[in-house]
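Quick notes on the structure that follows.
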Protein chains: 2
Amino acid sequence: MIRNPASKPTARKPNMREAILVAAEELFATNGFNAVSVRDIAQAAGANPGSVTYHFKTKDGLLLEIYRRHCGPMNLRRSELLAAAKRVRDLQDRLEAMVRAYVAPAFTSGSDLAGGGARFTRLRAVMSAEGNEVARKIIAQTFDDTSHAFIDAIHDSLPHVPRTDIVWRSHFLLGALYYSLVTPDRVSRLSRGEADGSDAASAIEQLVQATVAAFQAPALDQAAPTRRRPVVSSKT
Amino acid sequence: MIRNPASKPTARKPNMREAILVAAEELFATNGFNAVSVRDIAQAAGANPGSVTYHFKTKDGLLLEIYRRHCGPMNLRRSELLAAAKRVRDLQDRLEAMVRAYVAPAFTSGSDLAGGGARFTRLRAVMSAEGNEVARKIIAQTFDDTSHAFIDAIHDSLPHVPRTDIVWRSHFLLGALYYSLVTPDRVSRLSRGEADGSDAASAIEQLVQATVAAFQAPALDQAAPTRRRPVVSSKT
DNA sequence: TGATCTTTTGTACGATAGTACAAATCGCAT
DNA sequence: ATGCGATTTGTACTATCGTACAAAAGATCA
């Protein structure tokens, strides 16, 4: 019976600290921060309430640690994918690759944390909706750089669209992304079972396709008083 | 000193019940349901905690009443605007009008409730993120009809796009809409002050423009293995 | 005006929250 | 095996939660 080779020489049971983190992630992402008690988390993790205090000191500390361990890997992955996307020659393909570089890591794991990508993104969505203070600080510090990098890159591919519009549209992208992870069942319901809102692959493809089109919409500021955009085809 | 002509013969102070509702809306929409105590609400409304119990029995009952008084007017307004939009002849204009009919009532007041539109929409966003049970039931009952009406109408204007894609894209629209109301400051921050995320008019225009383009994106299912979409212009 | 109903107030109660802390337990190097 | 540091357990404390309820106060109308 081999014990898993714990990297650190400190670990009694399989990995209680990890179990608490995962349980907390899931519960926070599903019910919000305040609706979940430390006791709930402990029970879900098969731990003792006091154990949570031992590892993370406070409930805020636990949330902080959840962010800490995810932000790095996810942003790293995004940077890699963005760098690769920037090298794509074709302008249309490049834009799509960049959007995908932004979207994909939010759905899939950003590191060895099994399946943690979607769960963590859902958590971010909920925390941002609740106006959580701990989350707000971390997000402004950690994610704004990445967001700016994407906005700049996309702007380079769409020079005729003002940066302001790019910002708005990337904001919409994040909102759509969050909402897809928060209430996937709504998609299933409204499509009357024809689509599965929980299917990450579908969500990514749909989101990328729609967002690329949104980014390519004509500029708003400098727009002429009357519409002048070529419609895609409008009827068959 | 004229007393305001209360429609109902029951009302002691200006309108305590209303004050509690407004305070609760604002607090719930900002901090989430569980983070706000009945005492917080009472204090913000200048009322006594017991008064909340008297008018709404429970905290859930208070939330329920908030939904009740907003859902009707907002959906009515949406139906009116959708009906008007359907009468627009030009296909492109009609699509835009329909999207606007969906978006506008969420930002502006749906009735005589002063400025309540945006506040209520923000509330819905937060409740949906928190997975609130009371909200979930009401939404499925009250909003799905409206959502279906819009999806069907938009599908009629975009027959070459599968209904499934329309559902996804309208889902993205709602997510973007929610997020715009939840964290408007992010837009201001990322645009380095060039845009004001709190400006409803800007948000609506940006959202409508981006969403119309997203809806017009080529279909996903029946798509050919290689891309074949006419790019809008891609460079000046 | 005085009776009656509605609304507001004040207070209290049981439940549960986050957290602290001492005791018990475990893994491991020696 | 044994001692030691790391972890887990159990429990307790204080604060705050939602809610109930009786009393006070205001409004309404004969």
Side-chain angles (χ1 to χ4, degrees), chain A residues 1-25 27-28 30-66 127 130 132-135, chain B residues 1-25 27-28 30-66 127 130 132-135:
Chain A
M1 191 177 285
I2 300 171
R3 207 165 287 278
N4 65 343
S7 52
K8 292 175 183 177
T10 64
R12 183 150 317 223
K13 282 191 177 179
N15 212 355
M16 190 51 92
R17 194 186 133 97
E18 175 74 14
I20 292 172
L21 280 168
V22 171
E25 276 176 36
L27 287 172
F28 286 157
T30 308
N31 306 101
F33 185 75
N34 289 281
V36 178
S37 71
V38 173
R39 287 168 176 82
D40 291 337
I41 296 166
Q43 185 172 10
N48 187 284
S51 203
V52 177
T53 304
Y54 170 74
H55 284 290
F56 308 101
K57 201 63 187 170
T58 68
K59 199 182 171 188
D60 276 356
L62 172 55
L63 181 62
L64 197 69
E65 180 56 29
I66 290 173
M127 292 306 116
E130 287 188 317
N132 185 287
E133 266 310 309
V134 175
Chain B
M1 192 176 283
I2 301 172
R3 207 165 285 278
N4 64 343
S7 52
K8 292 176 183 176
T10 66
R12 184 149 316 223
K13 281 191 177 178
N15 213 353
M16 190 51 94
R17 194 186 134 97
E18 176 74 15
I20 293 172
L21 280 169
V22 171
E25 277 176 35
L27 287 172
F28 286 158
T30 308
N31 306 103
F33 185 76
N34 289 281
V36 177
S37 71
V38 173
R39 287 167 176 85
D40 291 337
I41 296 166
Q43 185 173 10
N48 188 286
S51 202
V52 177
T53 305
Y54 170 73
H55 283 291
F56 308 101
K57 201 62 188 171
T58 67
K59 197 181 172 189
D60 277 356
L62 172 54
L63 182 62
L64 197 68
E65 182 55 29
I66 290 173
M127 292 305 118
E130 286 187 318
N132 186 286
E133 266 309 308
V134 176

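In what follows, chains are A, B, ... by sequence order, proteins preceding strands, each numbered from 1. Side chains are part of it too, since the values below use all heavy atoms of this structure and drop only hydrogens, waters and symmetry mates.
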- Message: Output the rounded distance in Å from CZ (B/Arg17) to C1' (C/dT6).
- Response: 14 Å
- Heavy atoms under 4.0 Å, any strand shown: does B/Ser37 hit a base, just sugar-phosphate, or nothing? sugar-phosphate
- Message: Checking the side chain of A/Glu130 only, and the main-chain atoms of A/Phe33 only, is there a donor and an acceptor separated by less than 3.5 Å?
- Response: yes
- Item | Residue A/Gln43 excluded, over 12 heavy atoms near CD under 6.0 Å | no
- Provide, to the nearest angstrom, the distance between the CG atom belonging to A/Asn34 and the C1' atom belonging to D/dG18. 15 Å
- In whole angstroms, the gap separating P of D/dT8 from CD of A/Gln43 amounts to 17 Å
- For side-chain contact (heavy atoms from CB on, under 4.5 Å), just list the numbers for B/Asp60 and B/Glu133, CA-CA rounded to whole Å, side-chain angles, deciding distance to a tenth of an Å, and then say yes or no. CA-CA 9 Å; B/Asp60 277 356; B/Glu133 266 309 308; over 6 Å; no
- Nearest-nucleotide pick for A/Arg39, side chain only, options being C/dT19, D/dT8, C/dG10: C/dT19
- Taken to the nearest whole Å, CZ/A/Phe33 to P/C/dA17 is 13 Å
- Task: State, without any angle test, whether A/Asn48 and A/Ser51 hold a side-chain donor-acceptor pair at a distance under 3.5 Å.
- Result: no
- Ignoring backbone atoms, establish whether B/Asn48 has a side-chain N or O less than 4.0 Å from OP1 or OP2 of C/dT8. no
- What residues 53-63 of chain A contributes to the DNA chain D interface at heavy-atom separation below 4.0 Å is A/Tyr54, A/His55
- Message: So, applying side chain to side chain contact (heavy atoms under 4.5 Å, CB included) with A/Val38, which one of A/Leu62, A/Ile20, A/Val52, A/Thr58 is it?
- Response: A/Val52
- Measure the shortest side-chain to side-chain distance between A/Glu65 and A/His55 over non-hydrogen atoms and say whether it is less than 4.5 angstrom. no
- Query: When the distance from CE of A/Met16 to P of D/dT8 is rounded to whole Å, what number comes out?
  - Reply: 6 Å
- Message: Rounding to an integer number of Å, can you tell me how far A/Asn31 CG sits from C/dT16 C1'?
- Response: 16 Å
- Query: If you find the nucleotide of DNA chain C closest to A/Gly50 and the one closest to A/Asp40, which residue's nucleotide is nearer the 5' end?
  - Reply: A/Asp40
